[in-house]
Every structure is written in C-alpha cells, then in structure tokens.
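Chain A is the first sequence line, chain B the second, and so forth, proteins listed ahead of strands; every chain is numbered from 1.
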There are 2 protein chains.
Amino acid sequence: MKWNELHSDACPVARGLSVIGDRWTMLVVRECFLGIRRFDAMQSRLGITRHVLADRLRTLEADGVLRREAYQDRPVRYEYRLTDRGKALYPILVSLIDWANAHVPLEGESAVTLLSRSTNQPIAPMLIDRNTGEDITTRTVRAVMNEPVPPQDG
Amino acid sequence: MKWNELHSDACPVARGLSVIGDRWTMLVVRECFLGIRRFDAMQSRLGITRHVLADRLRTLEADGVLRREAYQDRPVRYEYRLTDRGKALYPILVSLIDWANAHVPLEGESAVTLLSRSTNQPIAPMLIDRNTGEDITTRTVRAVMNEPVPPQDG
DNA sequence: CATATAGAGTTCCCTTTTGGAACTTATTGG
DNA sequence: CCAATAAGTTCCAAAAGGGAACTCTATATG
C-alpha cells in the first residue's frame with residue numbers, strides 16, 4: 001500500500017495522518033499557530049527547502065487546513081493562514097508539545113512553554129470527555145471498529 | 001536542514017515530530033494501542049512494506065516508545081509493546097481521531113469510534129488545564145519561547 | 001526423507017521524495 | 001543601470017519508500 005491511499009482509509013487515524021502525517025507538515029502548521037504567515041519567513045525559520053515548503057503549503061491548502069491570501073498586489077504576494085479546520089488542530093499540537101516536553105528531553109529547558117493567560121503559569125494539559133467529565137485514558141475509553149478486529153489492551 | 005536534525009531542536013514540536021512525525025510511525029503506534037503486537041499482523045493490517053515496518057519498529061524501540069519482548073524461544077520471536085512513554089501518546093492519538101472524524105470526512109461512517117466505558121456513548125474529547133480547569137484554546141493559552149526566535153545563524 | 005507452514009526479519013531493485021542551490025518574475029528604490 | 005524583496009520553480013544528486021523474493025529456525029505432515 002502507498003501512503004497516498006490512506007486518504008480514503010476507513011480508520012480516522014489513517015485519514016488524519018494522510019493530511020498532517022507527512023514530514024514537515026505539522027511544523028508548517030506550528031509556524032502558522034505562531035503567527036508566521038509568509039513563505040520566506042517559514043523557510044528560513046524551519047530550514048526546510050523551498051521546494052518542499054511550497055509542496056506542503058499547496059497540499060495543506062488543498063486539504064483545507066490553510067488558506068492562501070494575497071496581502072499585496074503588484075507584484076501579487078500571498079500569505080497563509082489557518083482555516084477553522086486548521087485551528088482545530090490545536091489540541092493535537094498542544095498534546096504533542098506536552099508529550100515532547102515530558103518524553104523527548106533536551107539539554108536545558110524546553111524552548112517553548114505554554115502558559116495560561118489567566119495565571120501566567122505553565123499549563124498541564126489533560127484530555128477529558130466533555131459529556132462525562134472523565135479523564136480520557138485507555139482505561140476509561142475503548143475503541144470500537146465498525147469492522148471486527150482481534151482482541152485488545154495495551 | 002535535514003529532517004534528522006530535528007531531534008535536538010529547541011522546539012518541543014520539532015523534537016516530538018522527530019520521534020513520531022515520520023510516515024507510518026503513528027499508524028504503528030495505533031496498532032499497538034489496538035493490541036496488535038506482532039510483525040506479520042501489523043504488516044498485513046497496515047499494508048506497509050516489511051522493510052519500512054522493520055525500520056519503524058527499530059526506531060520506535062530506540063526512542064523508547066516501544067519495547068521488544070521475546071514471546072517464545074526456539075525460534076526466538078519478538079513482539080512489540082508500548083512503554084510508558086508510548087502510552088503517553090494516547091492524548092495525541094485521541095485528538096487526531098477526533099480531528100479526523102470531524103474534518104477529514106469519509107463516505108459512510110468512521111470505522112473507529114471511541115466510547116466511554118462507563119456510558120458506552122461516544123466521547124467528546126476536550127483539552128483542559130489541570131491546574132485551572134480552563135479549556136485550552138489559542139485564546140486561553142499562549143506559547144512563550146525561552147530563546148528569542150532563532151534567525152537561522154544562532 | 002521431502003515438503004509445507006509459521007513468523008520475524010533482510011536483500012535487491014526500481015520509483016518517489018527530499019536536500020541544496022541556482023534561477024525566475026514583478027516591482028520598488030538608489 | 002544595479003540591487004533588494006519575496007514567492008515561488010527548476011535541476012540534480014541523495015535518501016527514503018514500494019514490491020517482491022529470500023533467509024533462518026523450528027514444527028507438523030505425508
């Protein structure tokens with residue numbers, strides 16, 4: 001199977017990754033969340049090749065995660081902004097930051113910390129179920145597949 | 001810059017993605033969360049090439065996300081299980097599923113749904129700050145960088 | 001004995017993607 | 001005229017991915 005065929009896979013993990021699971025893609029999204037909107041700024045900050053950046057921006061736009069907007073004419077130049085679909089990636093990004101800060105240590109402290117705007121203290125992200133208020137863990141939640149699949153447990 | 005250099009990047013997004021941001025990697029992790037532990041089972045379920053699967057398993061083990069365990073001798077055969085570090089990826093996976101179910105639609109219903117074990121109803125994942133109880137959004141949280149944004153030469 | 005199955009990989013070869021650097025195009029400013 | 005800005009493209013070599021066959025240990029079958 002080829003990577004590109006995942007887009008129509010039955011599993012949402014596969015479909016999600018077909019959009020954001022490519023090398024560099026989530027880093028481009030990170031730039032957008034940080035307010036970086038322009039090609040050259042992204043390129044020099046990320047150290048990605050222009051070639052690949054152009055491809056990622058095109059793909060993210062096609063998938064409705066970013067939208068391209070002219071910010072000047074003569075010559076016309078475009079910048080990239082998150083759509084609502086793109087903004088909805090925030091929980092993934094926050095969970096990733098939290099995981100990496102805890103589990104992919106770097107000498108010295110982490111260069112990005114998330115602070116609560118109300119307390120100015122670092123946040124401790126936690127996933128809960130809006131319906132029940134319960135913490136979401138492998139013990140409180142189970143995955144059901146519409147097609148049957150072998151046993152489970154982590 | 002090359003992808004592999006991200007591992008020592010200052011940004012936790014980059015460091016996190018250096019571990020799980022490769023093609024196929026999170027799909028392998030998904031299999032583990034579903035209780036699939038063996039090479040051949042993963043290979044046939046994912047449709048990934050054996051070649052790439054072997055590489056991903058090696059890398060995930062090296063990064064401490066999976067551990068390889070012999071489940072029989074003569075001939076010795078190994079299976080793969082999530083470590084604590086791997087289990088800590090659950091919020092990322094759940095957020096990804098939630099995002100894809102909402103934003104990467106498929107004809108027909110999604111093949112994987114997450115149900116609360118207490119109510120048997122689909123869950124509605126929501127990220128909150130354990131400290132304040134506040135919902136985590138771009139409006140309630142801000143990212144601060146310890147070092148001023150790297151302008152490529154530093 | 002020969003053969004078949006099981007299961008975790010490896011090897012080989014070809015195609016696709018990525019990395020690096022230079023080039024293009026439109027326009028302003030000296 | 002020449003340089004600068006900025007969003008891309010183009011070209012080529014290197015790395016990663018896809019497909020299929022093969023290895024290696026051991027059990028089971030005829």
[N] OP1/OP2 closer than 4.0 Å to side-chain N/O of [X]:
X       : N      : answer
A:Tyr71 : D:dT5  : no
B:Trp3  : D:dA15 : no
B:Arg58 : C:dT10 : yes

Specify the separation, in whole Å, of atom [atom1] of [X] and atom [atom2] of [N].
X       : N      : atom1 : atom2 : result
A:Leu6  : D:dG17 : CG    : P     : 13 Å
B:Asp40 : D:dC24 : CG    : C1'   : 14 Å
B:Leu27 : D:dG18 : CG    : P     : 11 Å
A:Lys2  : D:dG19 : NZ    : P     : 6 Å
B:Arg68 : C:dA8  : CZ    : C1'   : 9 Å
B:His51 : C:dA8  : NE2   : P     : 18 Å
B:Leu53 : D:dA16 : CG    : C1'   : 15 Å
A:Asp73 : D:dA6  : CG    : C1'   : 15 Å

Margin query: For a quick check, tell me whether the side chain of A:Arg50 and the base of C:dA21 share a donor-acceptor pair closer than 3.5 Å.
Written below: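 For A:Arg50, whose side chain was compared with the base of C:dA21, there is no donor-acceptor pair (under 3.5 Å).
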
Next item on the list: Classify the side chain of A:Arg77 and the base of D:dA6 as holding, or not holding, a donor-acceptor pair under 3.5 Å.
Entry: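 When only heavy-atom distances are counted, A:Arg77 does reach the base of D:dA6 through a donor-acceptor pair under 3.5 Å.
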
Checklist line | First of A:Thr49 and A:Val76 reached from the 5' end of DNA chain C, by closest nucleotide | finding: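 In this pair, the answer is A:Thr49.
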
Margin query: Could you check whether A:Glu61 pairs with A:Arg67 (Lys NZ or Arg NE/NH1/NH2 to Asp/Glu carboxylate O, under 4.0 Å)?
Written below: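 Not counted as a salt bridge, because no side-chain N and carboxylate O are separated by less than 4.0 Å.
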
Check the hydrophobic clustering (I, L, V, M, F, W, Y; side-chain heavy atoms under 4.5 Å; chains of links allowed) and say if [X] and [Y] are grouped together.
X       : Y        : value
A:Ile36 : A:Val65  : yes
B:Ile92 : A:Ile128 : no
A:Trp3  : A:Met1   : yes

Next item on the list: Tell me which of A:Glu5 and A:Pro75 sits closer to the 5' end of DNA chain D, going by the nucleotide each one is nearest to.
Entry: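 Nearer the 5' end of the strand: A:Pro75.
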
Check: Are the side chains of B:Met42 and B:Leu53 in touch, meaning some heavy atoms are under 4.5 Å apart?
Finding: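 Yes, close enough: below the 4.5 Å cut-off.
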
